[in-house]
Protein chains: 2
Amino acid sequence: MASLPVVKQPPPRVGALLDHLSRRIRLRSESVLAPLGLRPRHLLALTVLRDLGGSSQQALARTLEMDGTNVVGLLNDLEADHLVERRRSPEDRRRHVVELTDAGAQWLAKAECALASVEDEVFAELDHDQRATLYSLLRQAMRDCPPSPAGCIAEPPSC
Amino acid sequence: MASLPVVKQPPPRVGALLDHLSRRIRLRSESVLAPLGLRPRHLLALTVLRDLGGSSQQALARTLEMDGTNVVGLLNDLEADHLVERRRSPEDRRRHVVELTDAGAQWLAKAECALASVEDEVFAELDHDQRATLYSLLRQAMRDCPPSPAGCIAEPPSC
DNA sequence: TATTGTTATACTCTATAACTATA
DNA sequence: TATAGTTATAGAGTATAACAATA
């Protein structure tokens, strides 16, 4: 076989850019969210819960692509602040049905408004239509999302 | 059409989506990179080093948005595997000029080929043009970023 | 026996502070 | 005094294993 010195350009890697940008947003989000008492992953969990409605902890873990054991601690935090509720499922008493409380929904809405400014800053170089395009591309990439096809992360409410 | 007060929705929040997708890529990249003996952040550092050429550790830390103390350990790993070299700067002997070795460049190329399949999987829902659009949008969002973050857009994997 | 949630634990990642050597 | 790099270390994030309750 011919071992041609293929020093062509490397393949298109979006991963590094994604990693970088999401790191930026996460770092800034932490500052913004700190006064509200929680961290980005709490927000992520609440967002998923709003989209999924009641869901078992394992389903939540799959959606978040987090280990189930860590979801326990995450929910402990949120439950301590009365932002979510755990109820035993009547059908299968091993399961906990996790649901957003009213307070949780309120907190989430407030946090999302606070985060809007973070994104305005991070995506300052993109105009409105470009941001919409970016959103729809990311959304499409997530289309095969593990448990619930529609339930990855839906459109946030406007503030 | 600008004469009418068109109610434009605020741009949707992409932070959660970005976080999610980058998490996916990172998790899958770890599996792919493990046989090669390193982790995603090692690859990220090598990529930045290739793009930046020789650079001080602090410049590297800023580009990676990592704490300088952690860059030390990262470089220790890479230097132990002879993938990078640290030389004292002749101009300012406090500085280390970090550079990719030939072995490092080779390893990086191999790793990138391996990662191409990860991205093909994660972005299976997007066609080539959409991936190119996504790349250019992310790239534009990073435009104010110091030097260039890791990543190149090119033809599909040639490996 | 298999599954859901939980605890305990270890391993990794990240950030803060103190030290060195240069400037 | 200030800066580049290093070390030590504590805190957060994450994963593995064992256990209780339930199916």
Side-chain angles (χ1 to χ4, degrees), chain A residues 16 19-20 22-31 33-34 37-45 49 52 54-80 84-99 146-147, chain B residues 19-20 22-31 33-34 37-45 49 52 54-80 84-99 146:
Chain A
D19 206 29
H20 228 93
S22 81
R23 183 185 181 79
R24 269 197 187 183
I25 295 181
R26 188 161 18 89
L27 289 174
R28 286 161 175 75
S29 298
E30 266 166 24
S31 317
L33 255 37
L38 293 179
R39 310 185 139 272
R41 51 197 60 71
H42 295 113
L43 179 99
L44 201 56
L49 278 176
L52 259 65
S55 127
S56 77
Q57 298 188 192
Q58 287 209 350
L60 195 56
R62 278 192 302 273
T63 303
L64 292 170
E65 300 207 52
M66 276 181 71
D67 194 279
T69 59
N70 301 319
V71 172
V72 174
L74 202 61
L75 291 178
N76 288 348
D77 296 342
L78 296 173
E79 203 171 34
V84 303
E85 268 180 5
R86 279 190 263 215
R87 298 180 287 98
R88 286 278 171 195
S89 165
E91 298 147 9
D92 183 342
R93 290 190 45 71
R94 289 172 303 182
R95 292 192 177 191
H96 274 164
V97 177
V98 188
E99 269 183 11
Chain B
D19 206 30
H20 225 96
S22 81
R23 182 184 181 81
R24 272 198 188 180
I25 295 180
R26 188 162 18 90
L27 289 173
R28 285 163 175 73
S29 297
E30 265 166 25
S31 315
L33 253 39
L38 292 179
R39 310 183 136 271
R41 57 196 62 74
H42 295 113
L43 177 100
L44 201 54
L49 279 175
L52 257 67
S55 131
S56 77
Q57 297 188 193
Q58 287 208 350
L60 195 56
R62 275 192 303 273
T63 304
L64 293 170
E65 300 207 52
M66 275 180 73
D67 194 279
T69 58
N70 301 318
V71 172
V72 174
L74 202 60
L75 291 178
N76 287 346
D77 295 342
L78 296 173
E79 201 171 35
V84 303
E85 266 180 5
R86 278 190 263 216
R87 296 179 289 96
R88 285 281 172 193
S89 164
E91 299 148 9
D92 184 341
R93 290 189 44 73
R94 291 173 303 183
R95 293 192 179 191
H96 275 163
V97 177
V98 188
E99 268 181 12

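Labels below follow one simple rule: chain letters A, B, ... track the order of the sequence lines, proteins then strands, and each chain is numbered from 1.
Under 3.5 Å, the side chains of B:Arg86 and B:Gln57 contain a donor-acceptor pair of N or O atoms.
More than 12 heavy atoms of other residues, nucleotides or ligands sit less than 6.0 Å from atom CZ of A:Arg88.
In this structure, of C:dG5, C:dA15, D:dT16, it is C:dG5 that holds the atom nearest to the side chain of A:Val72. Ranking C:dG5, D:dT22, D:dG5 by closeness to the A:Gln58 side chain, first place goes to C:dG5.
B:Arg26 comes within 4.0 angstrom of no nucleic acid atom, judged by non-hydrogen atoms across all strands.
The phosphate of C:dT4 (OP1 or OP2) has no side-chain N or O of A:Arg62 nearer than 4.0 angstrom. Contact annotation: B:Arg88 side-chain N/O to C:dA21 OP1/OP2 distance is not under 4.0 Å. Dashed line: the shortest gap from a side-chain N or O of A:Arg41 to OP1 or OP2 of D:dG13 is under 4.0 Å. Within the structure, a side-chain polar atom (N or O) of B:Arg86 is placed less than 4.0 Å from OP1 or OP2 of D:dT6. The phosphate of D:dA4 (OP1 or OP2) has no side-chain N or O of B:Gln57 nearer than 4.0 angstrom. Side-chain N/O atoms of A:Arg95 include none lying less than 4.0 angstrom from OP1 or OP2 on C:dT6.
Sequence order on DNA chain D of the closest nucleotides to A:Ser89 and B:His96 puts B:His96 first from the 5' end. Position along DNA chain D of the nearest nucleotide to A:Arg93 versus A:Arg39 favours A:Arg39 as the more 5'-ward residue. Of the residues near DNA chain C, A:Leu27 and B:Pro90, the one whose nearest nucleotide (by heavy atom distance) lies more toward the 5' end is A:Leu27.
Regarding A:Met66, its CE atom lies at a distance of 15 Å from the C1' atom of D:dT16, rounded to whole Å. Taking atom CD of residue B:Glu65 and atom P of nucleotide C:dC13, one finds them 18 Å apart after rounding to whole Å. Following rounding to the nearest Å, A:Leu74 (CG) and D:dT14 (C1') show an atom-to-atom distance of 12 Å. Between B:Arg23 atom CZ and C:dC13 atom P the separation is 14 Å, expressed in whole Å. Rounding to whole angstrom units, CZ of residue A:Arg87 and C1' of C:dG5 are separated by 16 Å. For the pair A:Asn70 CG and D:dT14 C1', the interatomic distance rounds to 5 Å; values are reported in whole Å. Rounded to an integer number of Å, the gap from CG of B:Leu78 to P of D:dG5 is 15 Å. Distance, B:Asp67 CG to D:dT6 P: 13 Å, rounded to whole Å.
Between the side chain of B:Arg94 and the base of D:dT3, a donor-acceptor pair under 3.5 Å is found. Within 3.5 Å, a donor on the side chain of A:Thr69 pairs with an acceptor on the base of D:dT16, or the reverse. At a cut-off of 3.5 angstrom, counting only N and O atoms as typed in the model, there is no donor on one side facing an acceptor on the other between the side-chain of B:Asp92 and the base of D:dA4.
Listed here is the closest heavy atom pair of A:Asp77 and A:His42: OD2-NE2, 2.9 Å.
Side chain of B:Ser55 to main chain of B:Leu52: no donor-acceptor pair is present (N/O by atom type, distance under 3.5 Å, no hydrogens or angles).
Between A:Leu49 and A:Val98, the closest side-chain pair of non-hydrogen atoms falls below 4.5 Å.
When each of A:Arg23, A:Arg24, A:Arg26 is paired with B:Glu65, the salt bridge (charged side-chain N to carboxylate O under 4.0 Å, His left out) condition holds for A:Arg24 and for no other.
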